[in-house]
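Small disclaimer: the values here were computed from a predicted structure and weren't measured.
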Amino acid sequence: MVANTINEDENMEMKYQKGVKHLTESGIITSKVPRKYILPFPDRPNLSNREIDDVKSRKINLPIIDFAHLNGNNKSQVLKSLAKACQEYGIFQVVNHGIEMETIHNMIDVSKRFFELPFDERAKFMSSNMYSPVRYGTSFNQNKDGVFCWRDFLKLSCNSVNDVVPFWPSSPVDFRMATQKYSEEAKSLYMKLTEAILETLGIMEDTNTDEMIEKENSLKEFEDGSQLMVLNYYPACPEPELTLGMPPHSDYGLLTLLLQDEVKGLQIQHQGTWHTVEPIPNSFVVNVGDHLEIFSNGKYKSVLHRVLVNSSRSRISIASLHSLAVSRIVRPSPKLINEDNPRRYQDTDFATFLEYVSSCEPKGKNFLESRKLT
Ligand code: OGA
Ligand code: NI
């Protein structure tokens with residue numbers, strides 16, 4: 001009898017490893033969330049079920065950066081808003097970014113069709129190797145999480161895109177083409193944003209030839225940086241008040257560009273309260289990651305965010321995470337350190353980060369906290 005129970009538990013554990021899409025589509029769960037996904041009370045979304053489905057409460061109007069104005073007469077105004085957004089919120093929305101609607105639409109559409117493939121087709125990409133150029137998985141860190149999150153994902157390395165595309169899924173047939181096109185457009189938008197952000201930090205003011213050369217060298221360093229795309233799938237959940245699609249976390253890189261479908265779910269913490277981000281069609285949510293907080297010596301803050309699920313609709317998001325090349329060290333810019341403003345963070349490299357996430361459960365902004373100098 002006892003042995004039987006253990007086998008059943010192990011059996012269920014193996015099913016959870018296959019992801020929430022598999023759980024919901026194979027009829028294993030219907031009206032209740034399994035215990036594996038139930039968060040302890042203080043970690044729950046803390047909203048009534050109705051509020052989650054109809055997240056009208058506590059909406060936040062994120063700062064909006066109109067890219068069309070970045071090259072015109074209003075440039076200094078746009079840079080000011082950008083600086084304020086990075087300082088006070090760690091997040092903003094970008095409109096008029098110049099990426100074609102078709103590219104965006106195709107990316108969301110092909111991601112949906114990927115997650116709708118039969119389980120065996122998706123499972124081909126399951127891997128516990130953090131360095132794998134393509135990795136399908138579930139939860140946040142499925143080897144570590146005590147309680148699982150209501151999320152499946154496909155992670156795609158984009159460095160260098162022509163080398164990695166052959167590893168990406170070849171089904172749906174248009175997957176590689178749509179995803180490569182989107183990843184290149186996202187990278188180019190990231191570069192424009194980075195140039196503007198460096199300007200707001202006073203690092204890019206081109207006053208003389210030496211500084212022009214320095215500017216080009218540093219842009220090259222960002223251009224040669226890493227890009228990781230994460231396709232997130234959050235199935236509808238029978239008891240969304242008990243679980244989360246993603247726990248509170250900050251992203252590790254410099255900037256994350258997030259594309260979401262029309263379903264709400266993303267929340268950010270601002271002044272101690274959780275606020276739901278209202279999706280604007282064809283726009284990007286851009287958030288400051290830990291590396292930009294370090295690079296700016298704490299002037300800009302990475303934003304703590306999490307994802308709610310809902311009982312009626314599944315949700316798709318596509319995150320493009322950008323940082324320096326994995327071999328490079330991220331450190332506060334020497335231009336931002338002086339007597340009044342001493343260095344606040346230790347040098348950080350990607351290996352340290354990977355070591356950290358595989359040795360302890362990432363919670364909130366604890367990786368960044370571990371890099372702070374006291
Ligand atoms: C992420 C993330 C938010 C979302 O992928 O790091 O925070 O809305 N995604 O899916
Ligand atoms: Ni995130």
Side-chain angles (χ1 to χ4, degrees), residues 6-26 28-29 33-40 43-44 114-115 119-159 164 167-169 226 228-235 237 242-253 256 289-290 304-307 309 317-319 321 323 326 348-371:
I6 291 170
N7 282 343
E8 263 170 41
D9 283 353
E10 274 177 8
N11 201 358
M12 281 317 286
E13 193 59 40
M14 271 163 61
K15 292 210 165 99
Y16 300 143
Q17 293 288 340
K18 293 181 177 173
V20 262
K21 177 75 167 55
H22 178 70
L23 268 191
T24 53
E25 71 199 352
S26 53
I28 297 168
I29 59 148
V33 165
R35 204 171 48 212
K36 184 77 184 169
Y37 300 84
I38 302 182
L39 288 162
D43 298 341
R44 292 183 196 167
F114 172 80
F115 287 104
F119 173 72
D120 291 341
E121 197 59 42
R122 285 175 275 135
K124 284 183 191 164
F125 303 99
M126 279 182 170
S127 161
S128 53
N129 175 6
M130 294 263 215
Y131 292 95
S132 174
V134 46
R135 194 154 67 87
Y136 183 77
T138 190
S139 192
F140 193 60
N141 183 350
Q142 76 197 82
N143 303 320
K144 285 266 165 253
D145 299 339
V147 175
F148 266 22
C149 299
W150 203 262
R151 165 221 190 204
D152 292 345
F153 63 80
L154 181 73
K155 292 192 181 180
L156 302 169
S157 161
C158 307
N159 331 305
V164 289
F167 294 98
W168 291 0
S226 65
L228 174 74
M229 293 222 329
V230 187
L231 283 46
N232 296 302
Y233 183 84
Y234 308 95
C237 172
L242 301 180
T243 191
L244 284 170
M246 265 208 212
H249 69 282
S250 57
D251 294 347
Y252 74 87
T256 302
D290 292 348
L304 197 61
H305 54 289
R306 68 179 187 183
V307 178
V309 287
S317 73
I318 294 114
L321 285 80
S323 188
V326 292
T348 299
D349 59 18
F350 195 67
T352 317
F353 172 72
L354 282 187
E355 215 172 280
Y356 191 90
V357 293
S358 45
S359 67
C360 66
E361 201 172 337
K363 260 210 153 105
K365 287 174 66 165
N366 65 356
F367 174 68
L368 191 76
E369 290 302 324
S370 78
R371 306 314 295 159

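Of all heavy-atom pairs spanning D152 and Y136, the tightest one is OD2-OH, 3.6 Å. Summarising the geometry of P133 relative to W168, their closest heavy-atom pair is O-NE1, 4.4 Å, with the distance given to 0.1 Å. When every heavy atom of P34 is checked against every heavy atom of W150, the shortest pair comes out as CD-CZ3, 4.4 Å. In plain terms, the two heavy atoms of Y252 and L321 that are nearest each other are CE2-CD2, 3.7 Å. Closest non-hydrogen pair, C149 versus Y37, comes out as O-CE2, 3.8 Å.
With values rounded to the nearest 0.5 angstrom, S157 atom OG is found 6.5 Å from L228 atom CG.
By the side-chain hydrogen bond (donor to acceptor under 3.5 Å, both in side chains) test, S317 is found to be paired with N232, residues two or more places apart in sequence or in another chain being considered. With sequence neighbours excluded, the residues satisfying side chain to side chain contact (heavy atoms under 4.5 Å, CB included) with T348 are H291, I294, F367, R371. Residues meeting the side-chain hydrogen bond (donor to acceptor under 3.5 Å, both in side chains) test with R135, sequence neighbours left out: none. Applying the side-chain hydrogen bond (donor to acceptor under 3.5 Å, both in side chains) test to D349 and every residue at least two apart in sequence or in another chain returns T352. When the salt bridge (charged side-chain N to carboxylate O under 4.0 Å, His left out) test is applied to K21, the partners found at least two apart in sequence or on another chain are E25. In this structure, the side-chain hydrogen bond (donor to acceptor under 3.5 Å, both in side chains) partners of D251, at least two apart in sequence or on a different chain, are H249, T256, N287, H305.
Side chains of S226 and N159: a donor-acceptor N/O pair is absent below 3.5 angstrom, by distance only.
Residues R122 and L154 form no side-chain contact, since every pair of their non-hydrogen atoms from C-beta on lies 4.5 Å or further apart.
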Walk me through whether I38 and T243 qualify under side chain to side chain contact (heavy atoms under 4.5 Å, CB included). CA-CA 5 Å; I38 302 182; T243 191; over 6 Å; no
